[in-house]
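For ligands, and for the atoms within them, numbers begin at 1 and follow the listed sequence.
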Amino acid sequence: MAVNETERRAMTRALELATLGPRGVNPQVGAVILAPDGTLLAEGWHHGAGTPHAEVDALSKLAPEAARGATAIVTLEPCNHTGRTGPCAVALIEAGVARVVYALDDPGAVSGGGADRLRAAGVSVDSGEQADVAQGIIDGWLTAQRLGRPQVTVKWAQSLDGRAAASDGSSQWITGPEARADVHRRRAAADAIAVGTGTVLSDDPSLTARDGDALYETQPVPVVIGSRPTPDAAAIRRHPQTPLFYDTHDLHTVLADLHERGIQSVFVEGGPTLASAFIAQGLADRVLAYIAPVLIGGDRLALTDIGVATIDTARRLTVEEWVPLGADLLAIATPALDLEEGVA
Ligand code: AOF
Ligand code: ZN
């Protein structure tokens with residue numbers, strides 16, 4: 001059965017409702033229940049892990065039997081599993097819903113399969129409606145689901161000759177104001193921002209995302225990785241988000257914990273040791289290199305050992321975009337997949 005105009009408009013509304021929910025461990029999902037004649041019966045959305053899913057939230061606003069013969073419009077395939085809550089496919093079947101239109105398939109091995117369950121119960125099911133919009137809303141969640149961890153972006157600023165600091169360690173303002181503004185915009189878009197303890201001790205970064213002097217509305221959670229203690233007076237302790245400290249060098253453990261906290265993206269901001277560790281372990285999904293037309297020389301390199309002993313094992317990247325930023329140039333690059341395959 002084709003998706004009709006009323007259902008299409010209801011999906012647009014469901015997508016708006018989805019965005020009312022928080023980003024986190026669970027995806028943002030919206031639902032609209034339509035009577036058989038197309039009139040609106042109820043709206044719902046998912047308010048975050050542990051609370052009812054969007055479909056159940058919408059159904060809960062209706063009297064028993066009110067959804068008999070109704071159509072449910074949902075931005076994600078109704079789930080088929082009992083997690084923190086029961087399966088939505090079953091809730092819809094028990095409510096007597098006759099038809100379900102959803103946007104995106106649930107990629108979960110356990111939670112997926114709701115569409116088949118609905119069909120088996122005689123419910124008419126259509127999918128794919130405005131899937132591109134739904135995908136845009138939960139892009140970060142889908143990526144984190146696929147990777148089984150947050151998406152990692154490793155960023156550094158370097159001189160034209162690949163240095164990240166002068167020999168005395170000073171590194172402020174290698175790049176110009178346009179490049180720095182770009183970094184702050186990207187910080188604001190990330191869920192977390194990670195630095196090594198060395199960077200905390202040497203640079204005392206605030207790790208806030210700023211637009212000029214003003215703070216962006218969204219701030220990444222600061223994450224400090226390493227075993228040296230962070231001083232009480234460190235600027236990071238005044239960050240609007242409570243910092244997370246990981247006294248470990250095991251990046252897999254750090255990413256697993258961040259994933260469990262619902263963090264979908266991590267911006268790795270330094271220094272060279274931490275950046276190199278992420279790259280060496282094949283945990284950098286994207287590299288942002290801000291290149292400034294300045295020469296520094298010396299041995300303070302943007303990266304240290306990344307496990308490349310011979311040129312055959314060099315980490316080849318594909319540049320997705322070269323972005324001119326004032327006098328500087330930003331390379332946005334991802335691992336060349338054929339070579340990255342098989343790397344742990
Ligand atoms: C839906 N409707 O509104 C959402 C769904 O452990 P739980 O019970 O919180 O389930 C989380 C999983 O359920 C999540 O990983 C995703 O696969 C699905 N999310 N499904 O039918 C919703 N938020
Ligand atoms: Zn569900």
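Of all atoms in ligand 1, listed by their number and element, those nearer than 4.0 Å to a heavy atom of Pro78 are 21 (O). Atom numbering of ligand 1 starts at 1 in the shown order; those under 4.0 Å from a heavy atom of Ser111 are 17 (O). Interface atoms of ligand 1 facing Val29, defined by a heavy-atom separation under 4.0 Å, are 3 (O), 4 (C), 22 (C), 23 (N).
The protein heavy atom nearest to atom 9 (O) of ligand 1 is Asn26 ND2, 2.8 Å. Protein heavy atom at the shortest distance from atom 20 (N) of ligand 1 is His53 ND1, 3.4 Å. With hydrogens left out, the protein atom closest to atom 2 (N) of ligand 1 is Glu55 OE1, 2.9 Å, a heavy atom.
Legend: protein N/O/S atoms lying under 2.8 Å from the Zn ion (ligand 2), waters omitted, number 3.
Taking CG from Leu258 and OH from Tyr246, the interatomic distance works out to 4.0 Å, rounded to the nearest 0.5 Å. To the nearest 0.5 Å, atom CD of residue Glu43 and atom CG of residue Leu34 are 9.5 Å apart.
Comparing Pro27, Gly21, Ala58 by heavy-atom distance to atom 19 (N) of ligand 1, the nearest is Pro27.
For the pair Ser227 and His249, the minimum side-chain heavy-atom distance is below 4.5 Å. Looking only at side-chain heavy atoms (C-beta outward), Leu295 and Ser159 stay at 4.5 Å or farther from each other. Counting heavy atoms from C-beta outward, Leu118 and Ile93 have side chains that approach closer than 4.5 Å.
When non-hydrogen atoms are compared, ligand 1 lies under 4.0 Å from the side chain of Asp106 (C-beta onward) but not from its backbone. With a 4.0 Å heavy-atom cut-off, ligand 1 is reached by the side chain of Trp141 but not by its N, CA, C or O.
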Would you sort out whether Arg149 and Asp285 count as a salt bridge (Lys or Arg N to Asp or Glu O under 4.0 Å), showing the intermediate values? CA-CA 11 Å; Arg149 58 166 175 78; Asp285 303 304; 2.9 Å; yes

Quick one, Thr334 with Glu320, criterion side chain to side chain donor-acceptor pair (under 3.5 Å). Give me CA distance, side-chain angles, the key distance, then yes/no. CA-CA 7 Å; Thr334 52; Glu320 311 279 316; 2.6 Å; yes

CA sep, side-chain torsions, deciding dist, call: Glu7, Arg99, salt bridge (Lys or Arg N to Asp or Glu O under 4.0 Å): CA-CA 11 Å; Glu7 293 170 341; Arg99 173 164 164 76; 2.7 Å; yes

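Taking any N or O of Arg84, backbone or side chain, at least one lies under 3.5 Å from an N or O belonging to ligand 1. Taking only nitrogen or oxygen atoms, main chain and side chain alike, His81 reaches within less than 3.5 Å of ligand 1. In terms of N/O distances under 3.5 Å, ligand 1 is approached by Cys79.
Scored by the salt bridge (Lys or Arg N to Asp or Glu O under 4.0 Å) test, Asp139 finds no partners at all (sequence neighbours excluded). Remark: Arg84 pairs with no residue by the salt bridge (Lys or Arg N to Asp or Glu O under 4.0 Å) rule, at least two apart or across chains. Taking the ring pair (Phe, Tyr, Trp, His ring centres under 6.0 Å) definition, one finds that Trp45 meets it with His47, sequence neighbours left out.
Using modelled atom types, one finds no donor on one side chain facing an acceptor on the other under 3.5 Å when comparing Thr248 with Asp250.
Glu5 CD: more than 12 foreign heavy atoms inside a 6.0 Å radius.
Residue contact check for ligand 1: Glu77 places a non-hydrogen atom closer than 4.0 Å to it. At least one heavy atom of Ala54 sits closer than 4.0 Å to an atom of ligand 1.
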